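Right, one structure below, let's go through it.
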Protein chains: 2
Amino acid sequence: MSDVGTGENLLFLTDEQLRQGIEAMFFAYRGFTADPDRILTGMAYGRAHHRAIHFINRAPGTTVNNLLILLGVTKQSLNRVLRTLIEDGLVESRVGVSDKRERNLYLTDAGQELERKLSDAQRARMRAAYRAAGPQAVAGFRQVLEAMMDPEMRRKYHALRESGA
Amino acid sequence: MSDVGTGENLLFLTDEQLRQGIEAMFFAYRGFTADPDRILTGMAYGRAHHRAIHFINRAPGTTVNNLLILLGVTKQSLNRVLRTLIEDGLVESRVGVSDKRERNLYLTDAGQELERKLSDAQRARMRAAYRAAGPQAVAGFRQVLEAMMDPEMRRKYHALRESGA
DNA sequence: CAGCTTATGTCAGTCTTATTGACTTTCCAA
DNA sequence: TTGGAAAGTCAATAAGACTGACATAAGCTG
């Protein structure tokens, strides 16, 4: 397509190339969040609820503290979101088994239903992009994204893959 | 690394693979914005100011309306940001030449200085990620991101490349 | 057991970014 | 000349985040 990374091109790290990468991230992230955002508009929920639901689904039984770190928000901020989800019967909070101070979080059936609805939309876009770009491009995509993460988040990302795979 | 896209693997579009892509986007975007956010903390500016500065630098002389569409925000929202940047002498607003209703936006020297400071940080991370992943991965990264954009934003993205290259 | 620490929850106040709606001024163009 | 477009502004509102302070329950350690 362009001259980016055609083989051994040593100039692929010019400022211009990097700026284009920055803009690509910006515009792509807009697309990435657009579909679930549209679904959530009209419901009483926003992107923060989506994120909480996603990770509770992904790591069932996770504690509040773990979710806090995963999402990179404060306790107070998460609590507001979590409270409404629990009140609305989408999330269940069970007292920890080994440590009764902890709360283990699970999606209820209704929670799982919303999760599927949201992730269906997001995965459809992801799937279309993956198909259009091809397997080799997907591998590169994942490599660059991973290299862009903060080390701590990269660990969290890998931990999810191990439990979820 | 993993089994993602090793050649002709036809199963690379499983839900699990797509979920991992979604999470990779989430965590990577956090890293992507972390450095400029850190710099802006303490200044009177936020991420919205960064975005405005970025695109004014990228497309000098752009109109308010064009910037609106580029950033995907409302006039009122942009105006608040733009006003402070103009008041603080980082952005200059000149009456349009051919159409006097329009305002053409430019960075002042001070504006360019801040732009460089912010983009240096962001590009450094981008550069490190590109280096770690290699040219071929970068090409794939760009392909997938582009496929993920809404068509209208893809056009805007290309328009920037033409003017900026 | 006493005291420290951890995990969670909550209240109050603030900030940034964004929204919708209404209205004005300026000015281009049919 | 009149309609509509570009920009700017005011007001009210919302989501999502923050800090700081405080409370409760429960685990851990001496």
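Heavy-atom basis, side chains included; hydrogens, waters and symmetry copies ignored. Predicted, not measured: the structure shown is a model, and the values here were computed from it.
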* Is any side-chain N or O of B/R83 closer than 4.0 Å to OP1 or OP2 of D/dC10? -> yes
* Structure fact -> To the nearest angstrom, the CG-P distance between A/L85 and D/dA15 comes to 14 Å
* Asked: If you check every side-chain atom of B/T74, which of C/dG9, C/dT20, D/dA26 has the closest atom?
  -> C/dT20
* Asked: Has the side chain of A/R101 got a donor or acceptor that lies under 3.5 Å from a partner of the other kind on the base of C/dT6?
  -> yes
* To do: Please determine if a side-chain N or O atom of B/N65 lies less than 4.0 Å away from the OP1 or OP2 oxygen of D/dA7.
  => yes
* Look at the side-chain N and O atoms of A/S77 and state whether any lies under 4.0 Å from the OP1 or OP2 oxygen of D/dG16. => no
* Under the criterion side-chain hydrogen bond (donor to acceptor under 3.5 Å, both in side chains), which of B/Q122, B/R116, B/R123 is the partner of B/D120? -> B/R123
* Select one nucleotide: of D/dC22, D/dG16, C/dA18, the one nearest the side-chain heavy atoms of A/A48. => D/dG16
* To do: Would you kindly give the CD1-to-C1' distance between A/I86 and C/dG9, to the nearest whole Å?
  => 10 Å
* Short side-chain donor-acceptor distance under 3.5 Å, A/T84 and A/D88 -> no
* To do: Could you tell me whether A/F55 and A/Y157 have their ring centroids closer than 6.0 angstrom?
  => no
* Asked: Between A/R51 and D/dA17, does any side-chain N or O lie under 4.0 Å from OP1 or OP2?
  -> yes
* **Reference residue A/E146; test salt bridge (charged side-chain N to carboxylate O under 4.0 Å, His left out); the match among A/R155, A/R161, A/R154** => A/R161
* So does A/K100 reach the base of D/dG27 with its side chain, donor to acceptor, closer than 3.5 Å? -> no
* Atom-pair distance (CD on B/Q76; P on C/dG21), nearest Å -> 11 Å
* Structure fact -> Whichever of B/L82 and A/S98 has the more 5' nearest nucleotide on DNA chain D, that residue is B/L82
* Structure fact -> Rounded to whole Å, CZ of B/R80 lies from P of C/dT16 at a distance of 8 Å
* Structure fact -> To the nearest angstrom, the CG-C1' distance between A/D37 and D/dA14 comes to 14 Å
* Structure fact -> Whole-Å distance, B/R47 CZ to C/dC15 C1', equals 14 Å
* **Rounded distance in Å - CG (B/L40) to C1' (C/dC15)** => 15 Å
* Asked: Looking at A/R103, does any N or O in its side chain come under 4.0 Å of the phosphate oxygens OP1/OP2 on D/dT24?
  -> no
* Asked: More 5' along DNA chain D: B/V64 or A/L78, using each one's nearest nucleotide?
  -> B/V64
* How long is the line joining CZ of A/R94 and C1' of C/dG9, in whole Å? -> 20 Å
* Flag for A/N66-A/K156: side-chain donor and acceptor within less than 3.5 Å -> yes
* Ignoring backbone atoms, test whether A/H49 places a side-chain nitrogen or oxygen under 4.0 Å from the OP1 or OP2 oxygen of D/dG16. => yes
